[in-house]
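Computed over heavy atoms, backbone and side chain alike; hydrogens, waters and symmetry mates excluded. Computed from a predicted model, the values in this text were never measured in an experiment.
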Amino acid sequence: KRDFMDFEGKVALVTGGGRGIGKAAATKFAEGGADIVIADIDPQTAKDTAEEISALGVRAFSISLDIGDIGQIENMVHEAVSKLGSVDILFNNAGLTRHISFFDIEEDHWDQINRVNAKGAFFCMQKVANQMVEQARGGRIINTASIAGKGYRRASNAAYAASKGAVIAMTHSAASVMAEHDVNVNAICPGIVQTDMLANILSLRSTELGASSEEVKAMMTEEIPLGRPNDAEDVAALAVFLAGPGSRNITGQAFNVDGGMIMH
């Protein structure tokens, strides 16, 4: 019998962990007994979240992270191991987007988005994978991709879709490499999630369409067969399962959490 929420003796590193999906998942890991590293580009948000999680009776600390900076990624992994002893779970969740039409994407938009979502996600995964190999006790890596990376036609922009397609491809590659080390690597592909990122997109689209944010959200929700967008906890629930004992034979997969927006 396996307890799907048993994280006793594990250390979970969550990027983009200060708020939204990352915070929701980190809280669930902690409730299952894991010690937590909260990494976020906003140091105050990361600190506040780590303090909240510490109140659950586990060890937790925060670290400021620009995930597009490889040196900062290396420092983050070093700090995690120095303070907590290992990294057993990586929720590689940090990302960004903005609403830009196909014809308006410029080089700096492309570089900014892919620096974080593709380059940053890869090197975070690589550095943690190296640590997991050295530890020689297996592990779990969960990457946050998006249904945009699978061809969802209303992605916020083409650069974002490309970056999330890259995350899915990198997940497959890493899963193949890490299988012999008993490290499972999977991706989660959210649809519409009610987070600060969605609020920004709604604001931009409402200006573009001459409609209120509520009207734009209603239009987006109409595309969801189940009739409701995700809360952060809906996505976090899958991250928790993929990080736990119940997923030991699942690797190299990219799972949609989207209310049925893409079905296959």
From CD1 (Ile192) to CG (Asp234), nearest 0.5 Å: 12.5 Å
Is Phe255 reachable from Val193 through a run of I, L, V, M, F, W or Y residues, each pair having side-chain heavy atoms under 4.5 Å apart? yes
Lys150 vs Tyr152, side-chain contact (heavy atoms from CB on, under 4.5 Å): CA-CA, chis, key distance, verdict: CA-CA 6 Å; Lys150 291 184 171 183; Tyr152 173 57; over 6 Å; no
If we only count heavy atoms from C-beta on, is the Asp42 to Gln44 side-chain gap below 4.5 Å? yes
For residues Ile70 and Lys119, determine if any side-chain heavy atom of one lies less than 4.5 Å from a side-chain heavy atom of the other. yes
Indicate every side-chain donor-acceptor pair of residues 172-183 with a distance under 3.5 Å to a residue at least two apart or in another chain.
| unit_1 | atom_1 | unit_2 | atom_2 | d |
| --- | --- | --- | --- | --- |
| Ser173 | OG | Ala169 | O | 3.4 |
| Ser176 | OG | His172 | O | 3.2 |

Working to the nearest 0.5 angstrom, can you tell me the gap between Gln126 CD and Ile73 CD1? 9.0 Å
Quickly, which of Thr171, Val185, Asn184 forms a side chain to side chain contact (heavy atoms under 4.5 Å, CB included) with Ile141? Name it, please. Val185
In short, salt bridge (charged side-chain N to carboxylate O under 4.0 Å, His left out) pairs touching residues 58-74 with sequence neighbours left out are Asp35-Arg59, Asp66-Arg115, Glu74-Lys127
side-chain contact (heavy atoms from CB on, under 4.5 Å) assessment of Thr144 paired with Val167: CA-CA 8 Å; Thr144 299; Val167 171; over 6 Å; no
Got a sec, which pairs hit salt bridge (charged side-chain N to carboxylate O under 4.0 Å, His left out) with one end in residues 135-146, sequence neighbours left out? Asp88-Arg137
Minimal heavy-atom distance between Ile188 and Val235, with the atoms involved, is CG2-CG1, 3.8 Å
Spatial distance of atom CD1 (Ile53) from atom NZ (Lys28) [nearest 0.5 Å]: 12.0 Å
Rest of the hydrophobic cluster containing Ile168 (Ile/Leu/Val/Met/Phe/Trp/Tyr, side-chain heavy atoms under 4.5 Å)? none
Can you list every pair that meets salt bridge (charged side-chain N to carboxylate O under 4.0 Å, His left out) and has a residue in residues 44-58, with sequence neighbours left out? Lys23-Glu52, Lys47-Glu51
Approximate separation, where rounding is to 0.5 Å, of Phe122 CZ and Asn92 CG: 11.0 Å
For Glu79, does its backbone N or O pair with a side-chain atom of Ser82 as donor and acceptor, under 3.5 Å? no
Please assess Val128 against Val77 for the test side-chain contact (heavy atoms from CB on, under 4.5 Å), listing each intermediate value before the final yes or no. CA-CA 7 Å; Val128 171; Val77 177; 3.9 Å; yes
If you look at every heavy atom in Ala60 and Ala50, which pair is closest and at what distance? CB-O, 3.7 Å
Indicate the atoms forming the closest heavy-atom contact of Asp40 with Gly18, along with that distance. OD2-N, 2.9 Å
Going by heavy atoms in the side chains, are Ile89 and Ile142 under 4.5 Å from each other? yes
Are the side chain of Asn157 and the backbone of Thr97 linked by a donor-acceptor contact shorter than 3.5 Å? no
If hydrophobic residues (ILVMFWY) are linked whenever their side-chain heavy atoms come closer than 4.5 Å, directly or via other members, who joins Phe102 in its cluster? Phe103
Does Thr49 reach the side chain of Arg19, with side-chain heavy atoms less than 4.5 Å apart? no
Enter the distance from Met261:CE to Ile147:CD1 here, rounded to the nearest 0.5 Å. 4.0 Å
Whether Asn186 side chain and Gln253 backbone form a donor-acceptor pair below 3.5 Å: yes
Looking at every non-hydrogen atom in both residues, tell me the closest pair between Met170 and Ala121 and how far apart they are. CE-CB, 4.3 Å
Phe123 reachable from Ile67 in the ILVMFWY side-chain graph, under 4.5 Å edges: yes
Rounded distance (nearest 0.5 Å) linking atom CG of Asp258 with atom CD of Glu223: 11.0 Å
Minimum heavy-atom separation for Ile36 to Leu84, with atom names? O-CD1, 3.9 Å
Please report the closest heavy-atom contact between Ala145 and Cys189, naming both atoms and the distance. CB-SG, 3.9 Å
If only atom types and distance count, is the side chain of Asn114 paired as donor or acceptor with the main-chain N or O of Trp110 below 3.5 Å? yes
What about Val81 and Val11, same hydrophobic cluster or not, with Ile/Leu/Val/Met/Phe/Trp/Tyr joined at side-chain heavy-atom distances under 4.5 Å? yes
Find out whether Leu56 and Thr27 are in side-chain contact, i.e. whether some heavy atom of one side chain is under 4.5 Å from a heavy atom of the other. yes
Is there a side-chain contact between Phe91 and Ile21 in this structure, where contact means two heavy atoms from C-beta onward sitting under 4.5 Å apart? yes
With a 3.5 Å distance limit and no angle check, can you tell me whether Thr15 reaches the backbone of Ala94 through a side-chain donor-acceptor pair? yes
Could you go through Met5 and Phe7, starting from their C-alpha distance and side-chain angles, then the distance that decides it, and tell me whether this counts as side-chain contact (heavy atoms from CB on, under 4.5 Å)? CA-CA 6 Å; Met5 281 281 291; Phe7 300 116; 4.3 Å; yes
